[in-house]
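So the structure is just underneath, and the comments pick up after that.
Predicted model only: the values in this text are computed from it and were never measured. Order of the sequence lines sets the chain letters (A, B, ...), proteins ahead of strands, with each chain counted from 1.
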Amino acid sequence: MTILNIVYFTIVRNLRDRRTLMQMMALPVLMILILGTALNSQFTPATIGTSSVAFLNSDGKWASVSFEEFLHLEEIQELLEVQTVNSYDEGIELIEEGDITALLHIPEGYTTNLQQGKDANIEVVSGIQRGFRITIIENIVESYVNRGNVVQAGAMVGIKGLAYDSQNSLKENTISTEGNIPSSMDYYGITMLVMILMYGANYGLFGIAEDFFGTVGARIKSTPISGYEMYIGKTLGTVLTLFCQALIIVFFTKYVYGVNWGDNLMAIFGICLTLSFFTTGFGIMLCMLSPTRKFATNIINLVVPVFTFLAGGYAPLPNLGKVIGKARYLSPNYIGQRAFFSYIYEGATSNTMYFVLFLWGLSLLTMITAISVGRRQAA
Amino acid sequence: MIVEIRNLIKRYNNNLAVDNVSLTIPEGDIFGLLGPNGAGKTTLINTMLGLTELNEGEIRIFGENFRTSERMIKQNIGIVPQDLAIYNELTAYENLQFFGKLYGLKGGLLKERIEEALKFTGLWEKRKVLPKRFSGGMKRRLNIACAILHRPKLIIMDEPTVGIDPQSRNQILESIKKLNEMGSTIIYTSHYMEEVEEICNNITIIDHGKVIAQGTKDELKNLISLEDRIKIQLTSVNYSLEEGIKRVKGVKECVLEGNTLTVISNKNANNLSGIIEIINQMNIEIQGMDFEKPTLEGVFLTLTGRTLRD
């Protein structure tokens with residue numbers, strides 16, 4: 001009952017601190033609107049255009065000519081821009097100069113090998129940098145080869161009329177990215193929520209500072225309750241304060257901004273609760289480790305923007321190299337954001353669970369550290 | 001004895017904050033702990049309350065060792081810290097609700113005690129107001145209310161009147177006397193000797209972590225003086241006045257400087273009326289009188305060579 005009393009009054013006090021409350025609620029709501037609107041174009045899928053390839057037919061017989069005809073089909077020309085080259089070196093040179101993505105080479109003996117039932121390969125030569133275009137090219141070649149295998153197999157058993165038909169080999173589906181990749185509002189809805197929860201470490205810091213080290217702390221410590229009761233009550237009260245604020249942000253952004261929070265809000269609430277525990281523990285730990293409360297506040301105000309940046313919270317980060325790329329894993333924001341993104345957009349609940357468990361592990365670490373340091377200071 | 005402290009030592013690194021202090025506090029007393037800032041009063045209090053670990057010595061409260069009966073002891077102690085220990089975001093009533101529940105009060109009993117404490121401190125009408133709208137004196141009174149609502153047997157007040165107006169101070173001192181009459185033992189720490197002289201029965205004077213004197217007010221004053229001094233301002237003088245005064249029983253010395261007559265008598269001679277009679281016989285009017293009785297400030301000055309406010 002004592003713990004519930006502490007939880008209740010901690011929440012009441014936090015919610016009556018109107019100035020902090022306004023900052024915690026207004027900041028993310030405004031940031032989502034501003035960033036989501038200003039950077040909308042960064043999140044809109046663009047057309048990919050055609051991919052440039054060179055074709056070299058070193059075989060010259062009917063089977064290789066058939067592939068050359070395939071490359072000039074209307075449907076294929078919407079995806080590939082084909083130029084013929086006369087030599088292998090010419091093709092390689094074009095690749096090295098960046099004029100083409102790949103060289104499609106049918107080697108000498110291709111048709112003969114096919115007729116004799118031996119392996120007959122179409123070479124796809126590309127540069128070191130592999131992107132989505134080479135994947136498109138490979139898929140087109142593979143679709144031809146697969147269909148060719150079917151025709152050949154059919155011929156061997158006497159089935160006729162299995163000539164390559166692009167309608168059977170190439171299926172056109174209209175891809176809708178809605179719900180599969182986040183829009184700008186969706187993206188910033190998540191990253192700004194995580195950021196503001198991280199700033200919530202200040203609640204943990206101030207709460208403990210006042211009740212353990214301040215004058216009220218002297219009165220509380222002179223009462224019959226134990227330090228653990230006070231610690232648990234303060235922690236739970238702060239966690240629930242942050243959790244309530246997170247719920248309000250989720251509901252507001254869902255119904256006013258149309259942010260996509262997935263189909264199962266309970267899972268989202270679970271991630272919010274996990275983050276609330278972590279940031280509370282982080283704030284309390286900083287309070288115990290720092291020489292002054294002001295120092296701890298400065299630390300939070302310094303690291304949270306850095307964590308947000310590393311996690312791509314302000315803008316998705318391009319590939320900045322191995323070291324900086326790995327540095328993002330030091331950011332709790334990154335872990336929190338990945339938990340949300342993996343659940344909403346990847347459907348990878350196992351990944352989500354991994355990130356959530358990792359955050360619980362960090363929370364436990366912060367709380368153990370805080371308790372150990374606090375007991376030493378009390379002595 | 002409600003409190004027994006034996007050979008208490010508390011160090012902060014190389015600084016000896018409490019140096020082998022022993023004292024006892026009788027039940028029902030208003031016990032004064034007097035000393036300048038930095039003397040060790042608050043450290044002593046904090047050690048008694050278990051807020052800081054002692055290095056050596058023993059503390060017994062209500063006859064129990066603090067280390068083994070901490071919870072029971074804390075249940076019966078109320079503390080009024082030097083700095084305000086109230087929540088500005090909670091109303092006066094809610095502050096008492098919160099702290100009352102920490103002492104195990106609940107339900108109807110809690111409501112009853114809250115009302116009692118707020119009425120005692122004159123804050124019942126302001127129970128729904130946030131402390132940030134209180135005056136300094138009202139905040140101090142709320143500070144006291146939070147300490148007394150569970151009816152503790154022992155109340156420790158650490159400089160409870162710092163920074164407030166004289167009227168509020170008087171109200172607080174009166175309420176302390178009432179609390180004592182109602183059965184609480186009170187430990188009152190201050191560097192204002194007037195307050196301690198007014199309300200305390202037994203007093204300990206502490207400086208640099210050591211007890212330098214302890215006893216009743218009169219016992220302490222007797223340490224430094226066997227005389228009473230009176231300065232009397234007169235409208236006119238008569239050269240036979242000094243001789244006349246010297247003949248009053250108990251008068252040791254009489255000095256006339258201008259219109260100011262200084263009379264030095266044996267301690268507790270109680271001869272003031274005789275002196276005034278002589279002055280009246282000579283048709284001299286008295287403009288003013290100044291009694292220089294020994295004070296605790298004087299005791300401290302004599303024992304340490306410093307004033308309490310140095």
Inset, instruction - State, yes or no, whether a side-chain contact exists between B:Phe99 and A:Ile220 at a heavy-atom distance under 4.5 Å. - result: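 B:Phe99 reaches A:Ile220 side chain to side chain.
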Legend entry - pair B:Tyr87-A:Asp211: side-chain heavy atoms closer than 4.5 Å: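 B:Tyr87 vs A:Asp211: side chains touch.
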Legend entry - Nearest non-hydrogen partners of B:Leu130 and A:Arg16, listed with the distance: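 Shortest heavy-atom contact: CD2-NH1, 4.2 Å.
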Inset, instruction - Quickly, which of B:Asp83, B:Leu84, B:Asn143, B:Ile86 forms a side chain to side chain contact (heavy atoms under 4.5 Å, CB included) with A:Thr215? Name it, please. - result: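 With A:Thr215 as partner, side chain to side chain contact (heavy atoms under 4.5 Å, CB included) holds for just one option, B:Asp83.
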Legend entry - side chain to side chain contact (heavy atoms under 4.5 Å, CB included), paired with B:Lys101, selected from A:Leu4, A:Ile6, A:Asn5: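 So the option named by the test is A:Asn5.
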Does [atom1] in [X] sit with more than 12 non-hydrogen atoms of other residues, nucleotides or ligands closer than 6.0 Å?
| X | atom1 | answer |
| --- | --- | --- |
| B:Lys106 | NZ | no |
| B:Glu27 | CD | no |
| B:Lys111 | NZ | no |
| B:Lys74 | NZ | yes |
| B:Phe120 | CZ | yes |
| A:Tyr8 | OH | no |
| A:Phe295 | CZ | no |

Rounded distance (nearest 0.5 Å) linking atom [atom1] of [X] with atom [atom2] of [Y]:
| X | Y | atom1 | atom2 | result |
| --- | --- | --- | --- | --- |
| B:Gln75 | A:Ile225 | CD | CD1 | 11.5 Å |
| A:Arg13 | B:Glu89 | CZ | CD | 4.5 Å |
| B:Ile79 | A:Ser222 | CD1 | OG | 5.0 Å |
| A:Glu210 | B:Asn88 | CD | CG | 8.0 Å |

Inset, instruction - State whether the side chain of A:Lys221 and the backbone N or O of B:Thr52 hold a donor-acceptor pair below 3.5 Å, judged by distance alone. - result: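 No: the side chain of A:Lys221 does not pair with the backbone of B:Thr52.
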Legend entry - Residue pair A:Arg219, B:Leu102: steps toward the side-chain contact (heavy atoms from CB on, under 4.5 Å) verdict: CA-CA 10 Å; A:Arg219 186 190 292 289; B:Leu102 296 187; over 6 Å; no
Inset, instruction - With a 4.5 angstrom heavy-atom cut-off, could you sort out which part of B:Glu70 is near chain A: side chain, backbone, both or neither? - result: neither
